[in-house]
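So the structure is just underneath, and the comments pick up after that.
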Amino acid sequence: MMELVSFYLPSDYWEDVKELRLRVFVDEMDVPSELEIDEGDQLALHFAFIENGRPLATLRILEEKQKAKIGRVAVAHSHRRQGIGTKLVQEAINYCQKHKIQSISLGAQTYITDFYVAMGFHQQGDIFLDAGIPHVEMILDV
Ligand SMILES: CC(C)(COP(=O)(O)OP(=O)(O)OC[C@H]1O[C@@H](n2cnc3c(N)ncnc32)[C@H](O)[C@@H]1OP(=O)(O)O)[C@@H](O)C(=O)NCCC(=O)NCCS
């Protein structure tokens, strides 16, 4: 059974969630580790799906006034294309709706924009490089 948890730091979940993020972004996508874990982690609300004590998926939400930024969306390689990423982003959208957030933004890697379009996001602006990877800003009006 997959369980949704949400937490701010410090948290007992953090070590395992951090390990999942490092595996996905640093090992798999070559993001420098010093960029991957940043000061945003101290401020963010973290979401994760946990199964048998291990995180399968994670993301973080940074709130500022009535806006939110979703980031660091990662699903364990072994569990992709099963709808888990969609479910977790949907949980983050639900959270934002409940907390009177008006718009959600995120920087999507360009290969995966359709994943976010399917949840109602639209692209805004030009493609930019973040950690050497092409991204585009995406917005959802809640
Ligand atoms: C992007 C990511 C979070 C998607 O998670 P997921 O659980 O596999 O996604 P879902 O199963 O919910 O996918 C839903 C739909 O999104 C699209 N999609 C998902 N992964 C895709 C991929 N690698 N390439 C193209 N489209 C993809 C598909 O339309 C998919 O539907 P389908 O499986 O019926 O074809 C996951 O692949 C991941 O962790 N990637 C590495 C880290 C990353 O790129 N994070 C995003 C940063 S912006």
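Whatever order the structure lists ligands and atoms in, that order sets their numbers, starting from 1. The basis for the numbers below is simple: all heavy atoms, side chains too, and nothing from hydrogens, waters or symmetry mates.
Distances below 4.0 Å separate heavy atoms of Gln82 from the following atoms of ligand 1: 11 (O). Below 4.0 Å from some heavy atom of Ala74 lie the following atoms of ligand 1, by number and element: 39 (O).
Ring geometry for Trp14 versus His46: interplanar angle of 30 to 60°, hence tilted.
With salt bridges taken as basic N to acidic carboxylate O contacts below 4.0 Å, none links Glu36 and Lys18. Salt-bridge formation is detected for the pair Arg21/Asp41: a Lys NZ or Arg NE/NH1/NH2 atom is positioned less than 4.0 Å from an Asp or Glu carboxylate oxygen. Salt-bridge formation is not detected for the pair Arg23/Glu28: no Lys NZ or Arg NE/NH1/NH2 atom is positioned less than 4.0 Å from an Asp or Glu carboxylate oxygen. Arg60 and Asp38 are joined by a salt bridge, as a carboxylate oxygen and a charged side-chain nitrogen come within less than 4.0 angstrom of each other.
Looking only at protein heavy atoms, the nearest one to atom 8 (O) of ligand 1 is Arg81 N, 2.8 Å. Distance from atom 42 (C) of ligand 1 to its nearest protein heavy atom, with residue and atom name: Val24 CG1, 3.4 Å.
Polar contact with ligand 1: absent for Glu28 (N/O pair, distance under 3.5 Å).
With a 4.0 Å heavy-atom cut-off, ligand 1 is reached by the side chain of Ile112 but not by its N, CA, C or O. Residue contacts with ligand 1 for Phe49 are absent, since no atom lies close enough (heavy atoms, distance under 4.0 Å).
Atom 34 (O) of ligand 1 is not flagged as protein-proximal [any protein heavy atom, distance under 4.0 Å]. For atom 20 (N) of ligand 1, a protein heavy-atom neighbour is found at a distance under 4.0 Å.
At least one heavy atom of Gly107 sits closer than 4.0 Å to an atom of ligand 1. The shortest separation from a heavy atom of Met29 to ligand 1 is under 4.0 Å, placing the residue in contact.
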